[in-house]
Amino acid sequence: MSRSGEAGQDQAEAASSPPGAASPLRLAELPPPVAPAAARRPGPPLLARIGLGGLPLTAFFLVWYAVGFVLQVFAEVPPALSFASGVFLVLYALSGLELLAVRTGWRRLAVPALLIAAGTFAVEWVGTHTGFPFGEYVYTDELGRMLSGVPWTMGLAWIGVIAGGALLSGRTSRTRRALETGLWVVLLDLVLDPVAEARGFWDWAGGGFYYGIPTANFVSWFIVGALLSLLLPSVSCGARERRLALRLYQLMLLLFGLLALRAGLTAAFVLSLFWIALAEGRVRLDSRRQERSV
């Protein structure tokens with residue numbers, strides 16, 4: 001067909017089209033339609049963007065921590081929030097369990113968590129009534145309602161401490177993990193314990209070389225933390241979970257270290273800085289070993 005014939009055919013098709021309709025040639029030239037903004041694929045959720053995807057309990061604990069940090073370090077906790085310390089311990093325990101549950105699942109943690117809570121509460125009850133194994137001390141009601149001389153939150157507090165130490169150790173061998181968990185637990189207590197007494201959480205009746213705290217207390221923290229960590233499933237934690245466990249451990253040391261400085265407990269503050277650096281170095285060393293082995 002000649003070019004004049006093609007042009008005539010195009011004109012005839014355009015004439016036969018209904019008014020306002022675009023010709024086939026013009027439709028082919030138009031760019032593809034753009035999907036409206038509401039139909040576009042949404043971005044990742046906020047928790048995923050900050051590395052906390054699937055960890056709502058840990059995220060909530062960090063928010064609670066941030067509020068408590070500001071109030072305790074730079075101001076005072078108002079009487080209306082006197083319950084906050086007990087909630088802090090509950091959330092601390094749940095965040096540690098949540099990080100472990102990423103690899104183990106919640107079902108495998110249910111029984112170990114209950115045994116750790118019950119076991120440590122029993123040890124605390126014996127300790128407050130007999131002075132064994134930690135030494136002679138008494139609790140106040142700052143950490144929650146008292147059950148026969150022990151705040152009901154103490155078993156949960158031990159869950160958080162032991163779970164955090166186990167995650168930080170990162171070892172698959174239960175025996176080696178238990179020994180390192182006991183170490184991280186007692187290092188934390190060297191900062192936590194004098195601050196807790198200064199803030200009226202408990203009171204030591206006996207004496208000791210370190211802020212009047214008996215040496216038996218620190219030995220017992222190591223033993224209790226190491227033994228009860230054996231109840232946790234022996235699995236290797238992921239890089240993200242271990243990194244978050246490291247940050248939680250460091251945040252606890254930072255909080256109690258600054259509270260120690262505020263209370264004039266200089267040695268505890270200095271130790272908190274050392275332990276923060278030690279924990280960082282421990283995890284980085286393992287990361288470098290893994291990179292070399294790949």
Side-chain angles (χ1 to χ4, degrees), residues 89 92-101 103-104 108-128 130-135 137 150 153-194 196 202 204 208-210 213-237 241-242 244-246 248-250 252-253 256 268 271-272 274-276 278-283 285-286:
L89 297 179
Y92 182 46
L94 291 175
S95 66
L97 291 175
E98 185 177 54
L99 292 177
L100 284 171
R103 291 299 180 96
T104 66
R108 290 184 64 188
L109 286 176
V111 173
L114 288 174
L115 291 176
I116 291 174
T120 51
F121 188 90
V123 172
E124 294 280 1
W125 185 89
V126 172
T128 55
T130 68
F132 176 84
F134 303 108
Y137 64 103
V150 180
T153 56
M154 288 314 299
L156 295 171
W158 274 99
I159 290 177
V161 170
I162 293 174
L167 285 162
L168 194 55
S169 68
R171 297 183 179 275
T172 55
S173 166
R174 286 196 178 189
T175 302
R176 298 179 67 182
R177 186 189 68 177
L179 293 174
E180 190 169 340
T181 299
L183 176 63
W184 293 121
V185 165
V186 75
L187 292 183
L188 177 62
D189 189 50
L190 283 166
V191 180
L192 183 154
D193 218 305
W202 56 75
W204 287 102
F209 76 96
Y210 183 72
I213 303 170
T215 304
N217 173 69
F218 302 112
V219 175
S220 299
W221 268 65
F222 176 85
I223 295 173
V224 171
L227 288 179
L228 291 183
S229 71
L230 294 171
L231 296 172
L232 296 173
S234 181
V235 294
S236 59
C237 62
E241 291 74 48
R242 194 178 184 202
L244 287 172
L246 167 65
L248 291 179
Y249 187 81
Q250 291 173 322
M252 293 291 284
L253 287 169
F256 284 95
L271 285 179
S272 72
F274 276 117
W275 304 156
I276 288 173
L278 180 65
E280 184 75 28
R282 173 69 180 85
V283 174
L285 179 62
D286 270 2

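Owing to the predicted nature of the structure, the values given are computational and were not obtained by experimental measurement. We use all heavy atoms of the structure for the numbers below, so side chains are in, but hydrogens, waters and symmetry mates are not.
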Enumerate, atom names and distances included, each donor-acceptor pair closer than 3.5 Å involving a side-chain atom of residues 109-121, sequence neighbours excluded.
unit_1, atom_1, unit_2, atom_2, d
Thr120, OG1, Ile116, O, 2.7
Thr120, OG1, Ala117, O, 3.2

* To do: List for me each residue that meets ring pair (Phe, Tyr, Trp, His ring centres under 6.0 Å) alongside Tyr210, sequence neighbours excluded, and say none if there are none.
  => Phe218

* To do: For Tyr92, check ring pair (Phe, Tyr, Trp, His ring centres under 6.0 Å) against everything at least two apart and list the hits.
  => Phe61

* Asked: Going through the distances and angles, do Leu278 and Leu187 end up as a side chain to side chain contact (heavy atoms under 4.5 Å, CB included)?
  -> CA-CA 10 Å; Leu278 180 65; Leu187 292 183; 3.8 Å; yes

* Structure fact -> salt bridge (charged side-chain N to carboxylate O under 4.0 Å, His left out) filter on Arg242, not counting sequence neighbours, yields Asp286

* With Glu241 via salt bridge (charged side-chain N to carboxylate O under 4.0 Å, His left out) - residues at least two apart -> none

* side chain to side chain contact (heavy atoms under 4.5 Å, CB included) between Leu99 and Leu248, worked out -> CA-CA 11 Å; Leu99 292 177; Leu248 291 179; 3.9 Å; yes

For the [atom1] atom of [X] and the [atom2] atom of [Y], what is their distance to the nearest 0.5 Å?
X	Y	atom1	atom2	value
Asp189	Phe256	CG	CZ	10.0 Å
Met154	Thr128	CE	OG1	10.5 Å
Arg176	Thr181	CZ	OG1	12.5 Å
Ile159	Ser95	CD1	OG	11.0 Å
Leu244	Glu98	CG	CD	9.5 Å
Trp221	Ile162	CH2	CD1	9.0 Å

* Checking Arg282 side chain against Ser169 main chain: does a donor-acceptor pair fall under 3.5 Å? -> yes

* To do: Please determine, by modelled atom types, if Trp275 and Gln250 share a side-chain donor-acceptor pair under 3.5 angstrom.
  => no

* Show the numbers, then the answer: is there a side chain to side chain contact (heavy atoms under 4.5 Å, CB included) between Val123 and Phe134? => CA-CA 9 Å; Val123 172; Phe134 303 108; 3.4 Å; yes

Side-chain donor/acceptor pairs under 3.5 Å, residues 224-232, sequence neighbours excluded:
unit_1, atom_1, unit_2, atom_2, d
Ser229, OG, Gly225, O, 3.4
Ser229, OG, Ala226, O, 2.7

* What about the rings of Trp204 and Tyr137, do their centers lie closer together than 6.0 Å? -> yes

* To do: Please state whether the rings of Tyr249 and Trp184 are parallel, tilted or perpendicular, taking 30° and 60° as the class boundaries.
  => perpendicular

* Between Ala268 and Val191, which heavy-atom pair has the shortest distance, and what is it? -> O-CG2, 3.8 Å

* Please report the shortest heavy-atom distance between Gly96 and Leu167, naming the atom on each side. => O-CD1, 3.8 Å

* **Intermediate values then yes/no, side chain to side chain contact (heavy atoms under 4.5 Å, CB included), Leu179 and Phe222** => CA-CA 8 Å; Leu179 293 174; Phe222 176 85; 4.3 Å; yes

